[in-house]
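All chains are named by letter (A, B, ...) in the order of the sequence lines, taking the proteins before the strands, and each is independently numbered beginning at 1.
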Amino acid sequence: MFQYALRRVLISIPTVFGVILIVFLMVRLAPGDPAMRLAGEFAPPETIERIRERFGLNRPMHEQFGIFVVNLAQGDLGRSTRTNRPVMQDLRQFFPNTIELALGAITVSLLIGIPAGIVAAMRQNTWADLVIMMGSLIGVSMPVFWFGLLAILYFSVQLGWFPVAGRGTFSHLVLPAVTLGVSSMAIVARMTRSSMLEVLSQDYIRTARAKGLMDKSVVLKHAFRNALVPVVTIIGLQFGQLMAGAVLTERVFTWPGIGRLLVDSIDARDYPVVQGAVLLIAVSFIVINIVVDVVYAVIDPRIRYD
Amino acid sequence: MTDASGTSDTAVGGPVGRGGGAPEPKRAPRWRKQLLRSPIAVAGFTIIGFFLLVVALAPFLAPYSPTSQSLRSTYIPPGVGVSFRGPEGQLGLWVQQATRSPIAGVVVADEAYPVRFFVRGERWTWLFGLVSSDVKLFGVDGPVRIYLLGTDEQGRDLLSRLIHGAWISLFIGLIAVLIGAGIGVPIGAISGFFGGTTDIIVQRVVDIMLAFPGILLAIVLVATFGTGLQNVMIAVGIAAIPVYARLVRGSVLSVRNREYVEAARALGRRSIPTLAKHVIPNVLAPIIVQSSLQMAIAILFAAGLGFLGLGARPPQPEWGLMLARGREYLAVAPHVATFPGLAIVLVVLGFNLVGDALRDALDPRLSK
């Protein structure tokens, strides 16, 4: 198992380097002077010169990349051109908030998605199944930001149940988490349903039923545990999608997370922060995928990618 | 041998749903019949057809141009000033002038004017100047404007803007799918067919692109190369490349050792022609299914970029951008954010429905 996990990590190293390369190129490939981009539009010439020196922008590309990687390894992503704070400090401040939001969203999507999927599978081809499947189809077709705006309109503005924006108490988390979780919920429900349907047709379920076990116990003890395996994969992948979806959700609810930091920084042409935020989201996605693969191999020993 | 070439020949003619490899020349009509009988497919095609019609007839259907504004009539709620009875109780659609005053709010004037069909209105040209006319589907016979879905912060008719914005979403989706499939399919096919070093290199690149989840890759590209509609199309298209490459590679791997491919090889056909003639036609089913679902994703991404202010620029009637503007006036005029969102949901739902139905019809093994 350890070996498998180790190999999975090693395979991901080139991917991480590729991501770093893309983030590095973001500033260099764009039209205009990269030193100006990193220093900010209105920076005085001496600052631009200092940036050019520090990131080696007058040297050949491969040397620049070397400097970038070395700086990165030391936790140095440069400074924000807006606030002059180290980018790392910004990321450390905003990233936990995004994790909080994503965890909230995944909780919502599991709490509703899994039971909905089970019900749909148990009552296959009935109106309940139809309603759940239609609902999930609408769920994946909906722009998260629109759902968020409607949620604010009804639950915050009209009913006054939840705050309109910001972060702090639990009630601040409810609407953003539900909003972000909607499309994952829909996908989890679909996955649970199809996985349950597959398991329910297996021989051991028939055996369990033939032994005279109660329907409920067959479903929960025998079927659900086995149906859960593919669902776990989806949950892992969804977690990564949620980090990207957070960019939109955080904008709607002015949630102080990494996504809002990213978009605000793009608006302000604050490239060091843009680079840092993109790098952080992509690398966390890679890490999540490794974890999912390992967990997958643990819960289903049949799967080891040799 | 005849069996093998027969398979690939029919595959070129009706190139779908053929993962199984068994020669079934009557398969094509069956999937078409199944598709037409499926209520999901009919619903999806109806929605898409509706939006295509809206795009084709936009300036005729929309009562006004997307930029024509009336600053006296800002934030008029949907349907205000519109009634089904005339001043003397006559049936029909009647419109009274609705204006917003700083003190009294929305004020509706007394005089009512009838709505007529096929009226003359603002002059418009469409389809790159091919069509030019001033006939509108409907309009008010009088000096007032009709606001079926209300107005926005500049007093522009929301319905007109929605209608005029339809082509933007569909066009972005189409171009993005063409870019994604046009580049991703050959890359994935070559990667899966040749294997070896090519495969390893291509798959590492695909891995890197897939490391940017969801809309993030498109955001990165737009942040690098600049905002605007054109860059959004390219960015969303590039974001679709790895999806196609991965999908096609897997499908190609599953057919590359089939007898008919071996037969083509044994007959001395070169690799690329074999790939084009015998392999790709047999992996078209998942590509077609993915393209419908990818249209849905592309439209959502484009709207998302518009919402973030990274896509279309004002005053373009792009739905995501309209939503973003509506967000600022949510409490005052909720309809400004509501209707563009509904339009997005509907068109995306259409493509998702068609994608699901195609998957069921073309390849039953893929359906979950």
[X], [atom1] atom: more than 12 neighbouring heavy atoms under 6.0 Å:
{"X": "A:F155", "atom1": "CZ", "result": "no"}
{"X": "B:Q230", "atom1": "CD", "result": "no"}
{"X": "A:R82", "atom1": "CZ", "result": "yes"}

Portion of [X] that has a non-hydrogen atom of chain B nearer than 4.5 angstrom:
{"X": "A:V283", "result": "neither"}
{"X": "A:M243", "result": "neither"}
{"X": "A:L153", "result": "both"}
{"X": "A:V247", "result": "both"}
{"X": "A:I286", "result": "side chain"}
{"X": "A:I266", "result": "side chain"}
{"X": "A:V27", "result": "neither"}
{"X": "A:V157", "result": "side chain"}
{"X": "A:Y271", "result": "side chain"}

Exercise for review: Begin from the C-alpha positions of A:L149 and B:F307 and carry the test side-chain contact (heavy atoms from CB on, under 4.5 Å) through to its verdict.
Suggested key: CA-CA 12 Å; A:L149 289 179; B:F307 178 74; 4.3 Å; yes

Find out whether [X] and [Y] are in side-chain contact, i.e. whether some heavy atom of one side chain is under 4.5 Å from a heavy atom of the other.
{"X": "B:F212", "Y": "A:I22", "value": "yes"}
{"X": "B:V345", "Y": "A:F147", "value": "no"}
{"X": "A:L262", "Y": "B:L216", "value": "yes"}
{"X": "B:V220", "Y": "A:Q275", "value": "no"}
{"X": "B:L308", "Y": "A:F145", "value": "no"}

Check your understanding: Taking the side chain from A:W146 and the backbone from B:A337, do they hold a donor-acceptor pair closer than 3.5 Å?
Key -> yes

Exercise for review: Measure from the side-chain N and O atoms of B:R327 to the backbone N and O of A:R251, and report whether any donor-acceptor pair falls under 3.5 Å.
Suggested key: yes

Exercise for review: Could you check which of A:V263, A:V19, A:V140 has the highest count of heavy-atom pairs closer than 4.5 Å to chain B?
Suggested key: A:V19

Review point. Of the listed residues (A:V274, A:V252, A:N289), which shares the most heavy-atom pairs with chain B below a 4.5 Å separation?
Key: A:V252

Exercise for review: Evaluate the criterion side-chain contact (heavy atoms from CB on, under 4.5 Å) for residue pair B:I208 and A:F17; output intermediate values, then yes/no.
Suggested key: CA-CA 9 Å; B:I208 293 166; A:F17 262 91; over 6 Å; no

How many angstroms lie between [atom1] in [X] and [atom2] in [Y], if you round to the nearest 0.5 Å?
{"X": "A:M134", "Y": "B:L349", "atom1": "CE", "atom2": "CG", "result": "5.5 Å"}
{"X": "A:L137", "Y": "B:I40", "atom1": "CG", "atom2": "CD1", "result": "7.5 Å"}
{"X": "B:L221", "Y": "A:L29", "atom1": "CG", "atom2": "CG", "result": "10.5 Å"}
{"X": "B:I215", "Y": "A:L248", "atom1": "CD1", "atom2": "CG", "result": "5.0 Å"}
{"X": "B:N352", "Y": "A:I138", "atom1": "CG", "atom2": "CD1", "result": "11.0 Å"}
{"X": "B:L310", "Y": "A:D267", "atom1": "CG", "atom2": "CG", "result": "6.5 Å"}

**Study point:** Full working for side-chain contact (heavy atoms from CB on, under 4.5 Å) between B:T224 and A:R28
**Key:** CA-CA 9 Å; B:T224 307; A:R28 272 92 181 163; over 6 Å; no

Practice item. Compare every heavy atom of A:A244 with every heavy atom of B:P213, then report the nearest pair and how far apart it is. Key: O-CB, 3.2 Å

Review point. Between A:P143 and B:I344, what is the shortest heavy-atom contact and its length?
Key: CG-CG2, 3.5 Å

Check your understanding: What part of B:A223 lies closer than 4.5 angstrom to a heavy atom of chain A: side chain, backbone, both or neither?
Key -> both

Revision key, fill the gap. Counting heavy-atom pairs under 4.5 angstrom with chain A, the leader among B:G226, B:G326, B:A303, B:A331 is B:A303

Check your understanding: Quick one: of B:I297, B:V205, B:L300, who has the most non-hydrogen atom pairs under 4.5 Å with chain A?
Key -> B:L300

